[in-house]
Protein chains: 2
Amino acid sequence: MADRSGPQGNETLLFLTDEHLRKGIEAMFFAYRGFTADPDRILGEKGYGRAHHRAIHFIKRTPGTTVNNLLSILGVTKQSLNRVLRTLIDDGLVQSEVGTRDKRERHLNLTETGLELERELSNAQRDRMRTAFRQTGPEAVAGFRQVLEAMMDSDMRRHYARLKDAEV
Amino acid sequence: MADRSGPQGNETLLFLTDEHLRKGIEAMFFAYRGFTADPDRILGEKGYGRAHHRAIHFIKRTPGTTVNNLLSILGVTKQSLNRVLRTLIDDGLVQSEVGTRDKRERHLNLTETGLELERELSNAQRDRMRTAFRQTGPEAVAGFRQVLEAMMDSDMRRHYARLKDAEV
DNA sequence: GATTTTATGTCAGCCTTGTTGACATTCCAA
DNA sequence: TTGGAATGTCAACAAGGCTGACATAAAATC
């Protein structure tokens, strides 16, 4: 929100040049590849894809979540999500229970098998994140999260913040 | 590389808890969606996809690059890249010239039309990046780039660094 | 109580973008 | 001259997005 560079000091704005912005763009591109590389390998071996990982992650993250809630977090269509959920339910990784208060809803949870895969995936992804965090230190990590948060769409920031408040 | 937290001070390691790592993971997920949202909208209107954007970006970035070089940066198969390049060449956005030194190679450049689209895409993406950078300040941006760079696969870091050295 | 809205599931079909495999061409280099 | 490298192209396939249409059950509203 606030422009933290003074109005007179031009040298304080040097981090906003097009060259620096392009470097930031390419950093996002290359880093995201690394970010997904390890889970992708594991998923590939088991016949799943990134979409399954995302579903598994957020079900683990918000146990008992409904399909609609998952849709708004993932930002895909219900048909797309349904295809993924169907295979996870059929394979016994996800359990779908009719809601008690509202019987139209389905509450989603990971089964023991689902939790196992989730652990395998998030261990791999966390390992890389941990290494990167350790290499760069807490101040860099704080900046990393600030910039990423500022880059989100506002509705996604809501999801992110809600999760943050709930657990951290 | 070096663990910057002391071996005895536990409180300095608090940024490495699983909860913080998970927050970093979700920050990457939600931020990447924002990162690609604006170009995706523009591309969708013109019948292109993210793959076209990536090709356009790195051709602009490294004019006269060969197909093979582009392949190693983008990390896809030549068939996949070829399909994208073909549409861009047919639509007059990319020019492919037989190499002079080695006539097997094709040197890729953007045409004036291609440069126009590239400007439109990167302006949109830079706007978001600039806003995020300005909101968070130079120290946060430095941390952002450090962490992202540490998260890359080493071969991708090579590409990233090479581009960095060449132009920044 | 009847009607409308909501949550979900499902079927069919389309698109982009990734994959593998096979094969042709061109041309540098040993 | 022959082998291999760089590129192009064709075919087939899969994942995972999308839209549209329709069914069902249940909640909400009139």
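Note on naming: letters A, B, ... go to the chains in the order of the sequence lines (proteins, then strands), and numbering restarts at 1 for each one.
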(request) Return the nearest nucleotide to the side chain of A:Ser96; candidates are C:dG9, C:dT26, C:dT8. (result) C:dG9

(message) Between the base of C:dT6 and the side chain of A:Arg104, is one N or O donor paired with an acceptor at under 3.5 angstrom?
(response) yes

(request) Report the residue from A:Asn68, A:Thr62, A:Asn69 that forms a side chain to side chain donor-acceptor pair (under 3.5 Å) with A:Thr65. (result) A:Asn69

(message) Please report the distance, rounded to the nearest Å, between CZ in A:Arg106 and C1' in C:dT6.
(response) 13 Å

(request) Could you tell me the separation between the CG atom of B:Leu43 and the C1' atom of D:dC18, rounded to a whole number of Å? (result) 16 Å

(request) For the pair A:Tyr48 and A:His52, name the ring-plane relationship: parallel under 30°, tilted 30 to 60°, perpendicular over 60°. (result) tilted

(message) Side-chain N or O of B:Arg86 versus OP1/OP2 of D:dG8: is the shortest distance under 4.0 Å?
(response) no

(message) Rounded to whole Å, how long is the line connecting atom CG of A:Leu70 with atom C1' of C:dG9?
(response) 15 Å

(request) Provide, to the nearest angstrom, the distance between the CG atom belonging to B:Asn82 and the C1' atom belonging to C:dC23. (result) 15 Å

(message) Whether B:Arg158 and B:Asp155 form a salt bridge (side-chain N of Lys/Arg under 4.0 Å from carboxylate O of Asp/Glu) is what I want to check.
(response) no

(request) Could you check which of D:dA26, D:dG8, C:dT26 has an atom nearest any side-chain atom of B:Val67? (result) D:dG8

(message) Taking the ring of A:Phe144 and the ring of B:Phe15, is the distance between their centroids below 6.0 Å?
(response) no

(message) Between C1' on C:dT6 and CG on A:Asp102, what's the gap in Å once rounded to a whole number?
(response) 8 Å

(message) In this structure, how many angstroms lie between the C1' atom of D:dA15 and the CG atom of A:Asp40, rounded?
(response) 12 Å

(request) Say whether, by atom type as modelled, one donor and one acceptor occur between the side chain of A:His159 and the main chain of A:Met156 under 3.5 angstrom. (result) no

(message) Closer than 4.0 angstrom, basic N to acidic O: yes or no for A:Asp18 and B:Arg126?
(response) yes

(message) Do the side chains of B:Arg128 and A:Asp153 get close enough for a salt bridge, i.e. N-O under 4.0 angstrom?
(response) yes

(message) OP1 or OP2 of C:dT8 versus the side-chain N and O atoms of A:Asn68: is any pair under 4.0 Å?
(response) yes

(request) Starting from C1' on C:dG9, measure out to NZ on A:Lys103 and report it in whole angstrom. (result) 19 Å

(message) Can you build the contact string for nucleotides 15-22 of chain C? Use B for base contact, S for sugar-phosphate-only contact, and - for no protein heavy atom under 4.0 Å.
(response) -SBBBBBB

(message) Counting only side-chain heavy atoms from C-beta out, which of C:dA7, C:dG9, D:dT7 sits nearest to A:Glu105?
(response) C:dA7

